[in-house]
Amino acid sequence: MKILAIETSCDESAIAILEATGDDKSARYKVLGNALVSQIDLHRQYGGVFPALAKREHAKNLTPILENALTQAQLFVPSPQTLTNEQETKLAQILEREQELYSALSAFLPKLKRPDIDAIAVTYGPGLEPALWVGINLARALSYIWNIPIVPINHMEGHLLSSVAKKEGETLIIENVQLPLLALLISGGHTELVVMNKWLSYQLLGETRDDAVGEAFDKVARMMDLPYPGGPEISKLAETHRTEFPDGIPRYKLPKPMFDTEDCDFSFSGLKTSILYLLKETGTLTSTEKAELARAFEDTVSEVLWKKTARAIEQSNAQSLVVGGGVSANTHIQRVFTERIQQTYPQVTLTIPPRELSTDNAVMIGLAGFFRAKQGEYRSEVIAVGNLPLAA
Ligand code: KG4
Ligand code: ZN
């Protein structure tokens, strides 16, 4: 099955084309095309992601990305044709709110033959609704013109599945996943512990009561005058400090909110606020102090994440653990989890996706798309759901 996957939930516009074979027990994916444009540099100027700006950028980026992905997959077969009046009208209707996408797409589509694609997988949540709609409307437009069915995909399921996929050359493989599988999903908008007891059926064990971890990284970075996105910046600083002072313990003592509560929930806003007060009291920090604070913050976050994850492992009797979402790219969190699993739960298999799969991308949407398409989850109507849960 050939799947065209679209991801526009936040600040990455991405399209991938995957050829998938197998079933739930063992699936293999060949990535035929993978094109992505990150808007990070643009949003950086504003210190965060602005939904209206993200929407406009997606509308501008998607057609060139589509062409690129189809070309990589050798599915761009030039064949001049004209859209019928009816097609023109319908396309204009579907892309009514994405004028820029409409102009580019209506110029692009008459250039090529219908590509050999069986399903269009598109992220419909969670994420920024204006941004999600651009991807959804592209999916609807292509679905209409090429007569290809749509499978709507939960972005977090994409993160989760990309965390269990193994890479062999250009092939991604999902097999031998030992259930129950516990997933710690940590991104800019999410922090949750979800268990998969049955294949693709989820139960929520815990989540953040306030800020997401990535959000905390970004906000703390901002307070420290570091550029957006703050996660990688804090991580870089903290790692420099660890290299320079391997035995040094940061002098900053930060609170660990909800560390001892008898649940799997998180809270990060108190930690963030304590850093705000600390910065107010101390004034400008030297570069060493900054690095030390970054390290203290990262240490605290890692401890909290581990403590609640360990509790969730016990509670769910998990056989596998995956850490997914943008924050899972964090070197220190990876180190803490790898060490602790070996020490405490050697029977649990831990997987953390490689960097290119841990940040937002469309390949992960295609991974989920295959399983969902196999289950026949095609939809003629798709709407964006900003706060779509993975599990209730
Ligand atoms: O999953 P993702 O790419 O987008 C969302 O769906 O949110 O996650 C983005 C988040 C941002 O908050 C970013 O600061 C954080 O992931 N992040 C990191 C690192 N790389 C990205 N946080 C900590 N350490 C990193 N190395
Ligand atoms: Zn994400």
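- Under the rule for a salt bridge (Lys or Arg N to Asp or Glu O under 4.0 Å), E100 has no partner lying at least two apart in sequence or in another chain.
- Annotation: the span from H43 atom NE2 to E57 atom CD amounts to 6.5 Å, rounded to 0.5 Å.
- Applying the side chain to side chain contact (heavy atoms under 4.5 Å, CB included) criterion to T84, with sequence neighbours excluded, gives E86, Q87.
- Checking side-chain atoms of S26 against main-chain N and O of G22 turns up no donor-acceptor pair under 3.5 Å.
- No side-chain donor-acceptor contact under 3.5 Å links Q334 and N330.
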inquiry  = What verdict does the side-chain contact (heavy atoms from CB on, under 4.5 Å) test give for L18 and L172, after you've listed the backbone C-alpha separation in whole Å, the side-chain angles of each residue and the deciding distance to 0.1 Å?
reply    = CA-CA 10 Å; L18 274 65; L172 288 164; 5.5 Å; no
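- Ion pairing between R295 and E298 fails under the 4.0 Å rule for side-chain N and carboxylate O.
- Judged as a salt bridge (Lys or Arg N to Asp or Glu O under 4.0 Å), and not counting sequence neighbours, the contacts of R340 are E303.
- A donor and an acceptor atom, one from each side chain of E7 and S9, are located under 3.5 Å apart.
- Taking the salt bridge (Lys or Arg N to Asp or Glu O under 4.0 Å) definition, one finds that E239 meets it with R242, R335, sequence neighbours left out.
- Residues V134 and L138 are members of one and the same hydrophobic cluster, defined by side-chain heavy-atom contacts under 4.5 angstrom among Ile, Leu, Val, Met, Phe, Trp and Tyr.
- Interatomic distance, I186 CD1 to E215 CD, rounded to the nearest 0.5 Å: 14.0 Å.
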Residue pair I148, L4: steps toward the side-chain contact (heavy atoms from CB on, under 4.5 Å) verdict = CA-CA 10 Å; I148 301 172; L4 181 126; over 6 Å; no
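- Counting non-hydrogen atoms of neighbouring residues, nucleotides and ligands closer than 6.0 angstrom, the CD atom of Q45 exceeds 12 such neighbours.
- Residues meeting the ring-ring contact (aromatic ring centres under 6.0 Å, His included) test with H58, sequence neighbours left out: none.
- Pairs engaging residues 224-255 under the ring-ring contact (aromatic ring centres under 6.0 Å, His included) rule: H241-F245 [sequence neighbours left out].
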message = side-chain contact (heavy atoms from CB on, under 4.5 Å) for N154 and V385? Distances and angles first, verdict last.
response = CA-CA 9 Å; N154 183 312; V385 185; over 6 Å; no
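- Shown here is D41, whose CG atom has more than 12 heavy atoms of other residues, nucleotides or ligands within 6.0 Å.
- The closest donor-acceptor contact from the side chain of T309 to the backbone of L305 lies under 3.5 Å.
- Atom CD of E175 sits in a crowded spot, with more than 12 heavy atoms from other residues, nucleotides or ligands closer than 6.0 Å.
- Remark: the backbone N or O of S79 is paired with a side-chain donor or acceptor of Q81 at under 3.5 angstrom.
- Taking a 6.0 Å sphere around CZ of R97, one finds it holds 12 or fewer heavy atoms contributed by other residues, nucleotides or ligands.
- Atoms NZ and OG1, on K253 and T300 in that order, are 8.5 Å from each other to the nearest 0.5 Å.
- Applying the side chain to side chain contact (heavy atoms under 4.5 Å, CB included) rule to A69 yields the partners I15, I17, A35; only residues at least two apart in sequence or on another chain are considered.
- For R114, the salt bridge (Lys or Arg N to Asp or Glu O under 4.0 Å) criterion is met by no residue, not counting sequence neighbours.
- Judged as a ring-ring contact (aromatic ring centres under 6.0 Å, His included), the pairs with a partner in residues 98-151 (not counting sequence neighbours) are, in order, F76-F108.
- Other members of the cluster containing F50 are L42, Y46, L53, with ILVMFWY side chains joined at under 4.5 Å, either directly or via other members.
- L193 and V336 fall within a single hydrophobic cluster, where Ile, Leu, Val, Met, Phe, Trp and Tyr are joined by side-chain heavy atoms under 4.5 Å apart, directly or via other members.
- Taking OG1 of T191 as the start and CD of E207 as the end, the distance is 9.5 Å to the nearest 0.5 Å.
- Taking 4.5 Å as the limit, some side-chain heavy atom of M364 sits within range of a side-chain heavy atom of H155.
- In terms of modelled atom types and a separation under 3.5 Å, the side chain of D210 and the main chain of T208 share no donor-acceptor contact.
- At least one side-chain heavy atom of L200 sits under 4.5 Å from a side-chain heavy atom of Q375.
- Side-chain contact between E157 and L161 is present, with heavy atoms from C-beta onward closer than 4.5 Å.
- You'll find the side chain of S328 stays beyond 4.5 Å of the side chain of L185, heavy atoms only.
- Annotation: the span from D118 atom CG to M1 atom CE amounts to 6.0 Å, rounded to 0.5 Å.
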key: Residues V194, L204; criterion side-chain contact (heavy atoms from CB on, under 4.5 Å); working and verdict   = CA-CA 5 Å; V194 170; L204 184 70; 3.9 Å; yes
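- For T344 (side chain) and I341 (main-chain N/O), no donor-acceptor pair under 3.5 Å exists by modelled atom type.
- Between the side chain of S13 and the backbone N or O of L62 there is no donor-acceptor pair closer than 3.5 Å.
- In this structure, E381 places its CD atom where only 12 or fewer heavy-atom neighbours from other residues, nucleotides or ligands lie under 6.0 Å away.
- Annotation: side chain of Y29 is not in contact with side chain of V363 (no heavy-atom distance under 4.5 Å).
- Every pair passing ring-ring contact (aromatic ring centres under 6.0 Å, His included) that includes a residue from residues 333-366 is listed here, sequence neighbours excluded: W306-F337.
- Between S316 and L205 there is a side-chain heavy-atom pair separated by less than 4.5 Å.
- A chain of hydrophobic side-chain contacts below 4.5 Å, direct or via other Ile, Leu, Val, Met, Phe, Trp or Tyr residues, connects L75 to I6.
- At a threshold of 4.5 Å between non-hydrogen side-chain atoms, the residues T331 and S235 count as touching.
- Contacts classified as salt bridge (Lys or Arg N to Asp or Glu O under 4.0 Å) and involving residues 307-322 (residues at least two apart or in different chains) are given here: D260-K307, D263-K308.
- Ion pairing between K374 and D24 fails under the 4.0 Å rule for side-chain N and carboxylate O.
- The distance from the CG atom of L278 to the CG atom of L285 is 7.5 Å, given to the nearest 0.5 Å.
- Within the 4.5 Å cutoff, the side chain of T359 has no heavy atoms near those of the N361 side chain.
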